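Worksheet: one structure, shown below.
Note that the structure is a prediction, hence the values are computed from the model and not measured. Lettering follows sequence order; numbering is per chain, from 1. All values below were derived from every heavy atom in this structure, side-chain atoms included, with hydrogens, water molecules and symmetry-related copies excluded.
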2 protein chains.
Amino acid sequence: MEYLNEKEFLIAFGKNLRKARKSKGFTQSQLANDIGIEISQISRIERGIINTSVGNVNAISRALRVDIQELFNLIKN
Amino acid sequence: MEYLNEKEFLIAFGKNLRKARKSKGFTQSQLANDIGIEISQISRIERGIINTSVGNVNAISRALRVDIQELFNLIKN
DNA sequence: TATATTATAGGCATATTTGCCTATTTTTAA
DNA sequence: TTAAAAATAGGCAAATATGCCTATAATATA
């Protein structure tokens with residue numbers, strides 16, 4: 001499998017996040033509140049619109065209690 | 001162990017990156033060239049000055065061939 | 001269906017990152 | 001110890017992310 005370009009990566013990352021968030025029973029709003037960022041940002045991250053910070057990713061993985069690796073897994077869905 | 005605040009996290013992340021980069025025999029310049037960003041940014045990331053993007057982190061882990069998890073490992077050194 | 005909840009869309013001002021640059025300091029190797 | 005290589009420091013403009021906001025669309029539930 002070819003490497004993904006940055007845009008493709010961000011979309012894959014967003015899909016992984018959405019899947020993880022739902023599997024943990026969080027709404028975007030709950031996740032945003034837990035880590036202290038805007039709900040609109042969660043929406044944009046999940047849709048691959050923005051390239052968020054490593055700090056936010058760390059906070060997200062802690063809040064959801066998912067492995068970082070799971071969010072970076074570049075599996076085609 | 002307590003959770004790290006964002007500043008502490010960025011410093012730990014930077015240390016992990018530096019360790020990984022050196023263990024793979026890369027200079028900051030080589031790494032920067034490989035992923036297409038500025039060497040000054042690598043320096044700032046390693047020193048915990050900036051909160052770089054998830055896209056850059058992905059590119060770094062690919063260039064160095066290290067697991068994402070390794071960069072996020074919050075071990076005290 | 002209709003009502004509430006959840007998610008998307010986008011504008012705008014502010015904050016932060018990034019690239020480009022020069023200079024200086026630190027580390028490595030001869 | 002000296003020279004070369006590597007890393008740090010910081011200024012500045014441009015690009016991008018973020019917070020705050022309102023409105024709309026989509027989804028779930030009564």
For nucleotides 24-30 of chain D, which of its nitrogen or oxygen atoms have a protein nitrogen or oxygen under 3.5 Å away, and what is each distance?
none

Is there any protein nitrogen or oxygen under 3.5 Å from a nitrogen or oxygen in nucleotides 19-21 of chain D, and what are the pairs?
unit_1 : atom_1 : unit_2  : atom_2 : d
D:dG19 : OP2    : A:Glu38 : N      : 3.2
D:dC20 : OP2    : A:Glu38 : OE2    : 3.1

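When rounded to the nearest whole Å, the span between CD of A:Glu6 and C1' of D:dA17 equals 13 Å. Rounded to an integer number of Å, the gap from CD1 of B:Ile39 to P of C:dT18 is 15 Å. Taking atom CD1 of residue B:Ile50 and atom P of nucleotide D:dT16, one finds them 15 Å apart after rounding to whole Å. Rounding to whole angstrom units, CD1 of residue A:Ile42 and C1' of C:dA7 are separated by 12 Å. We find that CG of B:Asn33 is positioned 12 Å from P of D:dA7, with the value rounded to whole Å. Separating the CD atom of B:Glu46 from the P atom of C:dT27 is a distance of 14 Å, rounded to the nearest angstrom. Regarding A:Leu31, its CG atom lies at a distance of 13 Å from the P atom of C:dT8, rounded to whole Å. C:dA7 atom C1' lies 14 Å from atom CD1 of A:Ile45, rounded to whole Å.
Note on A:Arg21: a side-chain N or O is less than 4.0 Å away from OP1 or OP2 of C:dA7. Residue B:Arg47 places none of its side-chain N or O atoms closer than 4.0 Å to OP1 or OP2 of D:dG10. An OP1 or OP2 oxygen of D:dA6 is reached within less than 4.0 angstrom by no side-chain nitrogen or oxygen of B:Arg18. A sub-4.0 Å separation between OP1 or OP2 of C:dA15 and a side-chain N or O of B:Asn51 is absent. Not one side-chain nitrogen or oxygen of A:Gln28 sits closer than 4.0 Å to the OP1 or OP2 atom of C:dT5. Look at A:Thr52 and you'll find a side-chain N or O under 4.0 angstrom from OP1 or OP2 of D:dT18. One finds a side-chain N or O of B:Ser43 lying less than 4.0 angstrom from the OP1 or OP2 phosphate oxygen of D:dT8.
For the pair B:Thr52/B:Ile37, no side-chain contact is recorded, criterion being any heavy-atom separation below 4.5 Å from C-beta on. Looking at heavy atoms from C-beta onward, A:Asn16 lies out of side-chain contact with A:Glu70 at the 4.5 angstrom threshold. By the 4.5 Å heavy-atom criterion applied to side chains, A:Val57 and B:Val57 are not counted as neighbours. Counting only heavy atoms from C-beta outward, the side chains of B:Phe13 and A:Val54 approach each other to under 4.5 Å. No side-chain heavy atom of B:Leu10 sits under 4.5 Å from any side-chain heavy atom of B:Ile50. Side chains of B:Gln41 and B:Glu38 form a contact here, defined as non-hydrogen atoms less than 4.5 Å apart.
The structure places CD1 of A:Ile45 at 10.0 Å from CG of A:Asn51, a figure rounded to the nearest 0.5 Å. Separating the CG atom in B:Leu71 from the CZ atom in B:Arg18 is a distance of 13.5 Å, to the nearest 0.5 Å.
A salt bridge links B:Arg21 with B:Glu46: at least one charged nitrogen is closer than 4.0 Å to a carboxylate oxygen.
Across all their heavy atoms, A:Asn58 and A:Ile68 have their closest contact at CA-CD1, 4.4 Å.
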